[in-house]
Amino acid sequence: MNEHAPVILDIAGTELTPTDRRRLEHPLTGGLILFTRNWQDHQQLTQLCADIKAVRPDALICVDHEGGRVQRFRHGGFTHLPPMRALGELWMRDALAATNAATAAGYVLGAELRACGVDFSFTPVLDLDWGGSAVIGDRAFHGDARVVAMLAQSLMLGLLQAGMANCGKHFPGHGFVKADSHTEVPVDRRSLKAILADDAAPYGWLSMALTSLMPAHVIYPKVDSRPAGFSRRWLQEILRERLGFAGAVFSDDLSMEGARRIDGRLVSYTEAAVAALEAGCDLVLLCNQSLGDGRAVDELLDGLGQAQAQGQWRSEAASEQRRLALLPVGQPPGWDELMVQPRYMQALRLLP
């Protein structure tokens with residue numbers, strides 16, 4: 001077994017195919033990210049997660065499940081969670097009630113996912129709401145970094161009560177730029193001092209609470225010519241050394257347009273993954289490429305293996321330890337048991 005399994009892949013359907021199983025068994029595969037297409041109901045999701053673990057017990061089963069418009073599972077009993085802005089609006093009326101509601105939201109989010117066998121959600125969003133970013137918008141708690149940090153910490157407490165790790169995103173901040181990195185490369189021309197004082201501040205304040213984070217596919221030219229997720233300066237010098245972050249770092253989705261433009265050119269998925277790993281990412285995501293023939297998935301696994309053999313990136317035991325630390329500890333209640341759990345029912349009443 002490879003000492004570092006950095007690749008997070010996806011699957012096309014609601015059950016594993018022989019091809020999915022082969023990719024899961026690849027030594028460089030560290031987990032799967034699920035989407036709405038992988039969901040029918042909580043019974044099917046529970047079976048899918050059990051099948052994944054039967055093939056690869058240490059696979060990290062992930063999902064983008066924030067609440068609001070970014071919530072992959074919305075029916076069949078899953079609670080429709082509010083967008084994070086609703087918690088920020090509650091803060092303006094009653095700050096302490098908002099922190100309690102944020103903990104409730106984190107608990108409901110984490111407990112429902114864990115009851116089905118999902119290990120991990122890419123939440124919370126720590127971006128500030130500057131008012132101009134359509135891709136962030138109401139996914140952000142607030143425009144004040146202090147409020148964002150307090151509400152995020154409360155939400156992460158709820159996740160922790162459910163036995164789930166967390167992922168702050170998108171470091172050092174995506175909320176100031178208007179462009180969407182899914183389709184283009186946003187550029188934030190502010191100084192490092194300005195970014196650290198505002199958008200990146202929650203990452204320093206939450207350095208002991210955050211278990212992982214995801215950098216932004218944004219270029220900050222006054223700091224580095226590369227997007228943050230491919231920048232040693234951002235990930236090593238600023239994040240690790242200056243802010244003291246010790247958790248896992250995920251790349252954002254390498255299939256995004258903003259993810260594969262490095263130093264002015266469009267690179268392959270393998271080149272993008274190598275650049276992210278060498279910059280300081282522990283894990284790399286490749287999403288929505290299992291659809292169709294899935295050639296890109298196999299090209300990444302094979303290409304990354306060849307690049308490792310050629311010394312283009314180094315397998316890091318510390319990175320693998322950070323990945324394994326994101327796996328939940330303890331056995332969660334099943335779905336039916338969770339539905340009548342007093343803490344769960346109380347949390348539902350507290351949601352805004």
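Here the structure is a predicted model, which is why all the values come from computation and not from measurement.
Residues passing the ring pair (Phe, Tyr, Trp, His ring centres under 6.0 Å) test with Y107, sequence neighbours excluded: none. Taking S319 as the reference, D282 meet the side chain to side chain donor-acceptor pair (under 3.5 Å) condition, with sequence neighbours excluded. The salt bridge (charged side-chain N to carboxylate O under 4.0 Å, His left out) check on K222 picks up nothing, with sequence neighbours excluded. Under the salt bridge (charged side-chain N to carboxylate O under 4.0 Å, His left out) criterion, E271 pairs with R265, not counting sequence neighbours. Checked against side chain to side chain donor-acceptor pair (under 3.5 Å), D10 has the following partners two or more places apart in sequence or in another chain: R37, S290. Taking the salt bridge (charged side-chain N to carboxylate O under 4.0 Å, His left out) definition, one finds that R314 meets it with E278, E316, sequence neighbours left out. In this view, W91 satisfies the ring pair (Phe, Tyr, Trp, His ring centres under 6.0 Å) rule with no residue, not counting sequence neighbours. Listed by chain and number, the residues in a side chain to side chain donor-acceptor pair (under 3.5 Å) with W130 are D199 (sequence neighbours excluded). With sequence neighbours excluded, the residues that form a salt bridge (charged side-chain N to carboxylate O under 4.0 Å, His left out) with D188 are R190. For the side chain to side chain donor-acceptor pair (under 3.5 Å) test, residues two or more places apart in sequence or in another chain that qualify with D293 are R295.
Here the rule is side-chain hydrogen bond (donor to acceptor under 3.5 Å, both in side chains) with D129, and of R139, H142, R85 only R85 fits it.
Screening residues 315-352 for ring-ring contact (aromatic ring centres under 6.0 Å, His included) gives H42-W335, F78-W335 as the qualifying pairs, with residues at least two apart or on separate chains. Contacts classified as salt bridge (Lys or Arg N to Asp or Glu O under 4.0 Å) and involving residues 157-175 (residues at least two apart or in different chains) are given here: D64-K169, E66-K169.
What you find for L128 and A145 is that their closest heavy atoms are CD2-CA, 3.6 Å. Here the shortest heavy-atom pairing between L327 and D58 reads CD1-O, 3.8 Å. Residues I61 and L34 share a closest heavy-atom pair of CG2-CD1, 3.8 Å. Residues S315 and H4 share a closest heavy-atom pair of OG-CB, 3.0 Å.
In this structure, R240 and V249 have side chains that are in contact, with non-hydrogen atoms separated by less than 4.5 Å. Between L301 and L9, some side-chain heavy-atom pair lies under the 4.5 Å cut-off. The side-chain heavy atoms of L286 and I8, taken from C-beta on, include no pair separated by under 4.5 Å. Between L210 and L126, the closest side-chain pair of non-hydrogen atoms falls below 4.5 Å. Two residues are said to be in side-chain contact when any heavy atoms from C-beta on lie closer than 4.5 Å; L16 and L24 meet this criterion.
For CZ of R22, the number of neighbouring non-hydrogen atoms (other residues, nucleotides, ligands) closer than 6.0 Å is greater than 12. Taking a 6.0 Å sphere around CZ of R74, one finds it holds more than 12 heavy atoms contributed by other residues, nucleotides or ligands. Heavy atoms of other residues, nucleotides or ligands lying less than 6.0 angstrom from CD of Q289 number more than 12. Around atom CD of E15, no more than 12 heavy atoms belonging to other residues, nucleotides or ligands sit under 6.0 Å away. Other residues, nucleotides and ligands contribute over 12 non-hydrogen atoms within 6.0 Å of the CE atom of M345.
One side chain, H170 or D127, offers a donor N or O that lies under 3.5 Å from an acceptor on the other. Between the side chains of R343 and Q346, not a single donor N or O lies within less than 3.5 Å of an accepting N or O. For the residue pair T103 / N100, no side-chain donor-acceptor distance below 3.5 Å is found, with atom types taken as modelled.
Side chain of D253 to backbone of C287: a donor-acceptor contact under 3.5 angstrom is found.
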(request) Would you sort out whether F250 and F171 count as a ring pair (Phe, Tyr, Trp, His ring centres under 6.0 Å), showing the intermediate values? (result) CA-CA 10 Å; F250 288 86; F171 176 80; over 10 Å; no
(request) Show your reasoning for whether salt bridge (Lys or Arg N to Asp or Glu O under 4.0 Å) applies to R323 and E320. (result) CA-CA 5 Å; R323 181 186 75 85; E320 182 65 0; 2.7 Å; yes
(request) Evaluate the side chain to side chain contact (heavy atoms under 4.5 Å, CB included) criterion for residues L109 and H65: first the C-alpha distance (whole Å), next the side-chain angles of each, then the deciding distance (0.1 Å), finally the verdict. (result) CA-CA 8 Å; L109 188 162; H65 205 79; 4.0 Å; yes
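Using a 4.0 Å cut-off between a side-chain N of Lys or Arg and a carboxylate O of Asp or Glu, D224 and R232 do not qualify as a salt bridge. Look at R56 and D51 and you find no salt bridge, because none of the NZ, NE, NH1 or NH2 atoms lies under 4.0 Å from a carboxylate O.
In this structure, the ring of F245 has its center no less than 6.0 angstrom from the ring center of Y203.
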